[in-house]
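In this chain, residues are counted from 1 in sequence order.
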Amino acid sequence: MEKKLHILFLSHWFPSRSFPKNGNFILRHAKSVATLHQVTVLFAERDETLKSGYEIMEEKENNLRIIYVYFKGSSIKVFNYWEKFRAYQKGLKLVGNFDLIHVNILHYYAFIACYYKIKKKVNFVVTEHWTRWLGSEQPIHLRFYYKMMKIVCSYASYILSVSNDLADRMKEKGIKGNFQIIPNVVDTEVFYKKKENNEGKTVFLHISSLNQEHKNIRGILKVTKKLLEEGFDFILQIGGDGDISPIQEFIRENKLENNIFTFGELTEPGVAEKMRQSDYFVLFSNRENQPCVINESFSCGLPVISTRVGGVAEFFPDNFGILIEKGNKQELYKAMKNCLERKIVFADVSVMHQYAVEHFGVNHIAKEMNLVYQKAINNQ
């Protein structure tokens, strides 16, 4: 029987009191690993509202312990790098002994893992999600960042990427190491199957940060408006944890109050319920890695219309939805129109859900992570 390990998650992003949705996919990975091992997450974040110094908070649930170290920091950005290192030092004193470090999102604090590797002989693995690796432009600060992360990764036992596309982009920028693909995790018990057919009007759904540059929200709205003007009667539900005021303004200007509806930030069960009440999910992003919302949609049996960006196509069976080209509103229009006219037959709800269980489910991801951990511990 394999030894139960104590894994230390060091994370550059993580849900916090200031940003409750930031890096929620890392929390999901931690919860997945905690079904097999003891996990401590250490996360440091600047909080300008502090009067001075540091504040440490802890949460614990079964095998998962989360240590938050908040620091006041400085208005001078460069000083905050040092303050963040000090915050991690304070948190590390509370962690106790651990067997392996799991760095999530490469940043300068990851040199802590290098220190433990060199001085304490504690191995570490890295998981990367960041879209900053996807760009082709390399300003000075990014070139410096890539060089520093090349050093970090040279000490890592494994580099875990959520998609082959992201791994390839990292390699293009000089990162070398043992790469392995482990996608984002979905709680398939929360994101369970919807009914085969919802009654009433066809419902398209979009949930995201609503960032225009990233998610191309205006493109979705313009195509929706065009279809409605042509006489199609359907609903677009659009919202998330971003600014919905530009969407509401678009609705008012075009008198679309009967067909486009907005909503704010949702809990995971709230997202799942929205998906079960919908017929199609729409993602018109300009860039992505391996979006959780697509995995969640599949788990609910919800077909997806998505741009073919990043690693989206890598976990996207042919009859689970429609892939279109980035920024191509005509293709989005055609895909939505085909759905409204029921011209495409998609996979059965149960088939989609089972695919999600087998590729993104908590137990599957935990086993994949465990295989990597065992090899890292044994220097394989």
Side-chain angles (χ1 to χ4, degrees), residues 12-16 18-26 77 105-107 128-143 145-146 161-163 165-166 168-170 172-173 184 204-226 236-254 256 260 262-266 271 281-297 304-314 316 322-333 335-336:
H12 181 50
W13 299 337
F14 202 74
S16 67
S18 299
F19 304 98
K21 295 291 184 181
N22 193 29
N24 53 9
F25 40 82
I26 297 169
K77 186 176 180 180
I105 311 297
L106 285 164
H107 207 259
E128 187 56 288
H129 303 256
W130 211 342
T131 55
R132 79 182 316 175
W133 294 94
L134 305 184
S136 57
E137 295 182 2
Q138 293 193 32
I140 293 175
H141 73 282
L142 271 186
R143 290 203 299 270
Y145 165 82
Y146 294 143
S161 171
V162 292
S163 72
D165 179 77
L166 178 57
D168 290 342
R169 300 298 184 92
M170 293 175 72
E172 286 173 3
K173 294 173 176 63
N184 285 311
F204 292 95
L205 175 67
H206 175 86
I207 302 174
S208 73
S209 63
L210 305 177
N211 179 284
Q212 169 58 28
E213 181 185 357
H214 188 174
K215 304 295 182 179
N216 198 353
I217 301 303
R218 198 157 186 84
I220 296 174
L221 294 174
K222 287 181 177 180
V223 170
T224 298
K225 177 175 177 284
K226 181 179 179 181
L236 171 65
Q237 289 271 1
I238 182 166
D241 57 350
D243 183 8
I244 62 174
S245 59
I247 302 171
Q248 292 171 330
E249 183 180 349
F250 181 92
I251 294 170
R252 286 192 299 270
E253 287 178 353
N254 295 282
L256 298 174
I260 302 179
T262 60
F263 54 88
E265 184 177 321
L266 300 173
V271 171
F281 192 91
V282 179
L283 193 66
F284 198 45
S285 299
N286 292 318
R287 62 180 186 272
E288 291 285 356
N289 277 321
Q290 203 269 313
C292 291
V293 286
I294 292 182
N295 303 355
E296 293 162 352
S297 295
V304 175
I305 299 171
S306 173
T307 43
R308 190 189 299 272
V309 291
V312 168
E314 295 172 29
F316 203 106
I322 304 170
L323 290 174
I324 60 178
E325 293 308 307
K326 177 181 72 173
N328 193 323
K329 290 194 286 292
Q330 184 57 34
E331 285 195 15
L332 177 59
Y333 165 84
M336 292 178 69

- Query: In this structure, are over 12 heavy atoms from other groups packed under 6.0 Å from K329 atom NZ?
  - Reply: no
- Residues forming a side chain to side chain contact (heavy atoms under 4.5 Å, CB included) with T262, sequence neighbours excluded: I238, I244, I247, Q248, I251
- Query: Are side-chain N/O atoms of N295 and Q290 paired as donor and acceptor at under 3.5 Å?
  - Reply: yes
- Message: Apply side chain to side chain contact (heavy atoms under 4.5 Å, CB included) to residues M336 and T224 and explain how you reach the verdict.
- Response: CA-CA 9 Å; M336 292 178 69; T224 298; 3.9 Å; yes
- Message: I'd like to check P15 versus N22 (side-chain heavy atoms, cut-off strictly below 4.5 Å). Are they in contact?
- Response: no
- With sequence neighbours left out, what residues match E296 under side chain to side chain donor-acceptor pair (under 3.5 Å)? R28
- Item | Counterpart residues, ring pair (Phe, Tyr, Trp, His ring centres under 6.0 Å), relative to F316 (two or more places apart) | F298
- Task: Just jot down the side chain to side chain donor-acceptor pair (under 3.5 Å) partners of S285, sequence neighbours excluded, or say none.
- Result: E288
- Applying side chain to side chain contact (heavy atoms under 4.5 Å, CB included), run through W130 and H107 and close with a yes or a no. CA-CA 10 Å; W130 211 342; H107 207 259; 3.8 Å; yes
- Message: Donor-acceptor check, side chain of E314 to backbone of D165, threshold 3.5 angstrom: yes or no?
- Response: yes
- Message: Tell me the closest heavy-atom pair linking V293 and I207, and the distance in Å.
- Response: CG1-O, 3.9 Å
- Message: Could you tell me if the side chain of L166 sits less than 4.5 Å from the side chain of L134, heavy atoms only?
- Response: yes
- Separation between CG of L205 and CD1 of I305, rounded to the nearest 0.5 Å: 11.5 Å
- Just by modelled atom types, is the L266 backbone N or O under 3.5 Å from a matching donor or acceptor in the K21 side chain? yes
- Task: Give the minimum heavy-atom separation between N216 and G327, together with the two atoms involved.
- Result: ND2-CA, 4.2 Å
- Query: Distance from L256 atom CG to L221 atom CG, nearest 0.5 Å?
  - Reply: 9.0 Å
- Query: What's the verdict on side chain to side chain contact (heavy atoms under 4.5 Å, CB included) for N289 and N184, showing C-alpha distance, side-chain angles and the deciding distance?
  - Reply: CA-CA 10 Å; N289 277 321; N184 285 311; over 6 Å; no
- Task: Search all heavy atoms of V304 against all heavy atoms of S297 and return the closest pair with its distance.
- Result: CG2-CB, 3.5 Å
- Message: Keeping Q212 on the side-chain end and I217 on the backbone end, is there a donor-acceptor pair under 3.5 Å?
- Response: yes
- Could you give the distance from CG (L236) to CZ (F204), rounded to the nearest 0.5 Å? 8.5 Å
- Quick one: does N286's side chain have a donor or acceptor within less than 3.5 Å of a partner on E213's backbone? yes
- Message: Between V312 and T307, does the side chain to side chain contact (heavy atoms under 4.5 Å, CB included) criterion hold? Intermediate values first, please.
- Response: CA-CA 8 Å; V312 168; T307 43; over 6 Å; no
- Taking all heavy atoms of K173 and all of G135, pick out the closest pair and write down the distance. NZ-O, 3.1 Å
- Note on the structure: For R132 and H141 the tightest heavy-atom approach is NH2-CD2, 4.3 Å
- What distance separates L332 CG from K222 NZ, expressed to the nearest 0.5 Å? 12.5 Å
- Message: Can you tell me how far apart OG (S208) and CG (D241) are? Round to the nearest 0.5 Å.
- Response: 7.5 Å
- Query: Can you find a side-chain donor-acceptor pair between D243 and S245 that sits under 3.5 Å?
  - Reply: yes
- With a 4.5 Å heavy-atom cut-off, do N328 and I324 have their side chains touching? no
- Hits for ring pair (Phe, Tyr, Trp, His ring centres under 6.0 Å) against H129, two or more places apart or cross-chain, chain-then-number order -> F25, H29
- Message: How about CZ on F19, more than 12 heavy atoms from neighbouring residues, nucleotides or ligands closer than 6.0 Å, or not?
- Response: no
- Message: Using every non-hydrogen atom in the two residues, find where F250 and K225 come nearest and quote the distance to one decimal.
- Response: CZ-CD, 3.8 Å
- Note on the structure: Residues passing the side chain to side chain contact (heavy atoms under 4.5 Å, CB included) test with E172, sequence neighbours excluded, are R169
- Please work out whether the ring planes of W133 and Y145 are parallel, tilted or perpendicular, with thresholds of 30° and 60°. tilted
- Query: Taking the side chain as C-beta and beyond, is there a heavy-atom pair between F284 and H206 under 4.5 Å?
  - Reply: no
